[in-house]
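Both backbone and side-chain heavy atoms feed into the values below; hydrogens, waters and symmetry mates do not. Every value quoted in this text rests on a predicted model; they were computed, and no experiment measured them.
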Amino acid sequence: MLDRLFIRSGQTLSELCDGLRMTRQAATKHLKILEEANLVAVTWRGREKLHYLNPIPIAEIHARWISKYEKQPLDALIQLKNLLEKQNGQA
């Protein structure tokens with residue numbers, strides 16, 4: 001659902017359920033959990049409930065946690081690349 005909202009934010013439950021392999025009731029429960037986690041924000045347009053992706057918590061997780069773990073593997077890959085290029089130059 002988050003991927004669908006990333007592609008097109010502001011969808012109704014019916015639009016989000018279209019093509020999913022889950023019941024409408026399961027989708028509703030899933031959306032409720034996403035709303036409680038603040039990953040999805042909702043607004044009402046008349047009788048329609050529109051769901052919007054809230055990327056801020058995801059960005060905060062990335063800034064606080066994921067970026068810490070990216071640096072070491074990237075540094076290791078750069079060192080490996082440099083070593084392999086050096087070895088290929090000596091052969």
Side-chain angles (χ1 to χ4, degrees):
M1 287 189 172
L2 293 177
D3 287 335
R4 287 172 173 244
L5 290 173
F6 176 78
I7 293 168
R8 188 172 66 84
S9 212
Q11 295 186 56
T12 64
L13 177 62
S14 295
E15 292 170 324
L16 284 169
C17 288
D18 187 35
L20 285 181
R21 288 184 278 166
M22 68 172 65
T23 65
R24 185 177 175 94
Q25 183 180 11
T28 300
K29 288 180 181 181
H30 190 75
L31 278 170
K32 182 164 179 56
I33 292 168
L34 293 173
E35 287 176 43
E36 290 171 358
N38 199 28
L39 294 171
V40 171
V42 298
T43 60
W44 288 89
R45 184 177 63 197
R47 297 175 79 177
E48 289 185 319
K49 185 177 181 181
L50 302 177
H51 302 85
Y52 293 87
L53 178 64
N54 180 9
I56 294 170
I58 297 168
E60 289 172 339
I61 290 169
H62 182 272
R64 183 169 179 179
W65 293 102
I66 297 171
S67 61
K68 290 179 186 180
Y69 298 101
E70 288 177 339
K71 183 166 176 24
Q72 289 176 340
L74 290 176
D75 288 346
L77 287 174
I78 290 168
Q79 289 175 2
L80 178 60
K81 175 186 170 282
N82 291 338
L83 177 66
L84 292 173
E85 286 175 347
K86 184 177 177 182
Q87 288 176 352
N88 285 338
Q90 293 176 354

Enquirer: Could you tell me the separation between the CZ atom of Arg8 and the CG atom of Leu53, rounded to the nearest 0.5 Å?
Expert: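 That separation rounds to 13.0 Å.
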Enquirer: Measuring from atom CD of Glu35 to atom OG1 of Thr28, what distance do you get when rounded to the nearest 0.5 angstrom?
Expert: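 Separation between the atoms: 9.5 Å.
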Enquirer: Side chains of Leu20 and Arg4: closer than 4.5 Å at any heavy-atom pair?
Expert: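 Sidechains of Arg4 and Leu20: in contact.
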Enquirer: Just by modelled atom types, is the Ala41 backbone N or O under 3.5 Å from a matching donor or acceptor in the Asn54 side chain?
Expert: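 Checking the backbone N and O of Ala41 against the side chain of Asn54, no donor-acceptor pair under 3.5 Å is found.
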Enquirer: In the single-linkage hydrophobic clustering (I, L, V, M, F, W, Y; side-chain heavy atoms under 4.5 Å), do Phe6 and Leu2 co-cluster?
Expert: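 Looking at the clustering, Leu2 is in the same group as Phe6.
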Enquirer: Is it the case that more than 12 heavy atoms not belonging to Glu36 sit under 6.0 Å from its CD atom?
Expert: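 Enclosed.
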Enquirer: Can you confirm whether Asn82 sits close enough to Glu85 that some side-chain heavy atom of one is under 4.5 Å from a side-chain heavy atom of the other?
Expert: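 Asn82 vs Glu85: side chains touch.
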Enquirer: Are the side chains of Ile56 and Glu60 in contact, using a 4.5 Å heavy-atom criterion?
Expert: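 Glu60 reaches Ile56 side chain to side chain.
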Enquirer: Indicate if Leu34 and Ile58 have the same hydrophobic cluster label, given that clusters are the connected sets of ILVMFWY residues with side-chain heavy-atom separations under 4.5 angstrom.
Expert: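 Per the 4.5 Å side-chain linkage, Leu34 and Ile58 are co-clustered.
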Enquirer: Find out whether Glu15 and Glu48 are in side-chain contact, i.e. whether some heavy atom of one side chain is under 4.5 Å from a heavy atom of the other.
Expert: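 Side-chain contact under 4.5 Å: no.
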Enquirer: How long is the span from the NE2 atom in His51 to the OG1 atom in Thr12, to the nearest 0.5 Å?
Expert: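 If we round to the nearest 0.5 Å, His51:NE2 and Thr12:OG1 are 8.0 Å apart.
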Enquirer: As an exercise, state the distance from CD of Gln25 to CG of Leu13, rounded to the nearest 0.5 Å.
Expert: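 If we round to the nearest 0.5 Å, Gln25:CD and Leu13:CG are 11.0 Å apart.
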Enquirer: Please answer: with hydrophobic residues joined when any side-chain heavy atoms are less than 4.5 Å apart, are Met22 and Leu39 in the same cluster?
Expert: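 Same cluster.
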Enquirer: At their closest point, which heavy atom of Tyr52 faces which heavy atom of Leu5, and how far apart are they?
Expert: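 Closest heavy-atom pair between Tyr52 and Leu5: C-CD1, 4.4 Å.
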Enquirer: Taking all atoms of both residues into account, what is the closest heavy-atom pair of Leu50 and Gly10, and its distance?
Expert: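 Result for this residue pair: CD2-O, 3.6 Å.
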Enquirer: Should Leu31 and Met1 count as side-chain neighbours, where that means a heavy-atom distance under 4.5 Å?
Expert: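 Yes, side chains in contact.
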